[in-house]
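Structure first, commentary second.
We use all heavy atoms of the structure for the numbers below, so side chains are in, but hydrogens, waters and symmetry mates are not. Below, read A as the first sequence line, B as the second, and so on, with proteins coming before strands; counting in each chain starts at 1.
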Protein chains: 2
Amino acid sequence: MPSNADPLGQSVWTRPPRSRGAQPTLSRAQIVRTAIELLDEKGLDGLSMRRLGERLAAGATSAYWYVATKDELLELVLDEVMGEIEVPEVGATDWRTAATALAHGLRSMILRHPWVTGLFGVRPMMGPNAMRMSDRTVGVLTAAGFSGMDVAYASSLLMSHVIGSATMEAAWKRSITPGTSVSEAVDELRPYIDEVSSRYPHYGAWWRENRGMDPENLQDEGFAFAVERLLDGLQLWLDRRNEAGPA
Amino acid sequence: MPSNADPLGQSVWTRPPRSRGAQPTLSRAQIVRTAIELLDEKGLDGLSMRRLGERLAAGATSAYWYVATKDELLELVLDEVMGEIEVPEVGATDWRTAATALAHGLRSMILRHPWVTGLFGVRPMMGPNAMRMSDRTVGVLTAAGFSGMDVAYASSLLMSHVIGSATMEAAWKRSITPGTSVSEAVDELRPYIDEVSSRYPHYGAWWRENRGMDPENLQDEGFAFAVERLLDGLQLWLDRRNEAGPA
DNA sequence: CTCAAAACTCGTACGCTGTGCGAGTTGCCT
DNA sequence: AGGCAACTCGCACAGCGTACGAGTTTTGAG
């Protein structure tokens, strides 16, 4: 363990960076950037500390001066990509537009970096970028009329849905042979689905009715549909509460 | 690779089990059961093929006769725990009750086996238990009045939300020292949250108003709230459509 | 009953992983 | 000038997934 290891259970985010001494040839930022490069190219399994060292033109274990463990590096990486999402400032638009932007921004980040889905489950996101996003979300929802625990509930509803659906979408995309389009993949699978779905009554019936659909924009449309329904549900709750309140 | 390895890219589910020959001392079912035991005790990282062999009182690589790779074993394991969820048959209750049962059933399965969150993202779920669940879900939603792609959208909305929120809940639970209750954990974290939240305006304001809340049933309440909003949103869409249709 | 083949079990080994350790180098501060 | 802090990195270790092939048991065919 390098000497900057965490003595008191503090997280990566609270520990100050080093300052004096020989000038470093590496940096946290560079390490994180390179790790993301590697992850984008080869996926979560494709990142090993040795490969990272190689790509950095450094020794296999050199990164360990800047990062206590691989898990910690992954925490930094997760927060870094969270920084790619932009949430409108409070008051810039109505809350529905802002929430929609948040949802779509988060989703497209995940589709850009599908390996993040493997990182969401491990530790709660507390990095500065994730916090900044939470902060804006809280602001937007508060301005919309939510208060108290409802804010937390609504924001978690939003985030959870996006994370869940993008996780499943990424899983599906990963399972098709790379390079083929969605339509081609579905065409390939069609006989198999025919066979399987025939054994399940409701699913089979649905499939017989809908096997002709164009699968190209299905994921996008499904996501947009879900976000609308979800915001409808929240809006309805606000409306009902406003009706009941001033009575 | 054992000789029953998949020659044509078929999945685990289509390959028939072995029949003739020396009577086996192991079985797929037993292997899967033991793997789940180990996973429940030690988490995703705690499962190694060697440990599995040990616990089975067998050689380190013996399980490889029944399972081509560890990933395949995990696919079986995932489907096995999916079998723990019960979805009401179509017509047994109104669709809202059925959907609520599905959501809560899936959530409590995930909280019982938190390691599954690491499995959702890797491959689409196509095992028999997952299919059975999808089938019932499709049935319930069709009976409710959804049709065509809406069925897929609505069912994915439901599942995605549960998976996302349970993933984040499991992450949070994992990060607190085991054995301490939720309230104790929050009490421990309180000074840290005070410090962090002060740097984020909206989040900080929200925290100052709400730092006194009782965190004990927060997760449960938040989940129930979200499911209600989500079903409201779907219901509203059905209503609007029924209004517009017969006009 | 005989016997080859099928059905399994498992010890060994290979290449990979994360990372602790300690010796080596560099450059600032007194 | 000298010492120490800041870094770099080769080596080694324990553990991983799993390919391989030799060993054991049971079966069905002749």
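Within 4.0 Å of L73(A), counting heavy atoms only, lies no atom of the nucleic acid at all. When heavy atoms are screened at a 4.0 angstrom cut-off, A60(A) is found touching no nucleic acid atom at all. L47(B) comes within contact range of the sugar-phosphate backbone alone, with a heavy-atom separation under 4.0 Å but no base atom that close.
Note: K70(A) NZ to L52(A) CG = 9.5 Å, rounded to the nearest 0.5 Å.
Counting only N and O atoms by type, the side chains of D194(B) and W207(B) include a donor and acceptor under 3.5 Å apart.
dC9(D) atom P lies 13 Å from atom CG of L52(A), rounded to whole Å. Per the geometry, CG belonging to L38(B) stands 11 Å off P belonging to dC16(D), to the nearest Å. The interatomic distance linking Y64(A) (OH) with dC13(D) (P) rounds to 18 Å, in whole Å. Following rounding to the nearest Å, D71(B) (CG) and dC16(D) (P) show an atom-to-atom distance of 16 Å. Per the geometry, CZ belonging to R28(A) stands 12 Å off P belonging to dC7(D), to the nearest Å. Atom CG in D45(B) sits about 10 Å away from atom P in dC16(D), given to the nearest Å. Separating the CD atom of E54(A) from the C1' atom of dT17(C) is a distance of 14 Å, rounded to the nearest angstrom. In this entry the distance linking CZ of R50(A) with P of dT19(C) reads 11 Å, nearest Å.
No donor-acceptor distance shorter than 3.5 angstrom exists from the side chain of R107(B) to the backbone of V162(B), with no hydrogens or angles considered.
Between Y66(B) and L73(B), every side-chain heavy-atom pair lies at or beyond the 4.5 Å cut-off.
Take the nearest nucleotide of DNA chain D for M49(B) and for S62(A): the residue whose nucleotide is more 5' is S62(A).
Between dC7(D) and W65(A), a contact under 4.0 Å exists linking OP1 or OP2 to a side-chain N or O.
Counting only heavy atoms from C-beta on, K70(B) has its side chain closest to dG17(D) among dG20(C), dC8(C), dG17(D). Side-chain proximity of Y66(B) to dC10(C), dG18(C), dT9(C): nearest is dT9(C). Looking at the side chain of S48(A), the nearest of the listed nucleotides dT17(C), dT18(D), dC9(D) is dT17(C).
Between R55(A) and E41(A) there is a salt bridge, since a side-chain N of the basic residue sits under 4.0 Å from a carboxylate O of the acidic one.
One donor-acceptor pair, N or O on each side, does fall under 3.5 Å between the base of dG11(C) and the side chain of T61(B).
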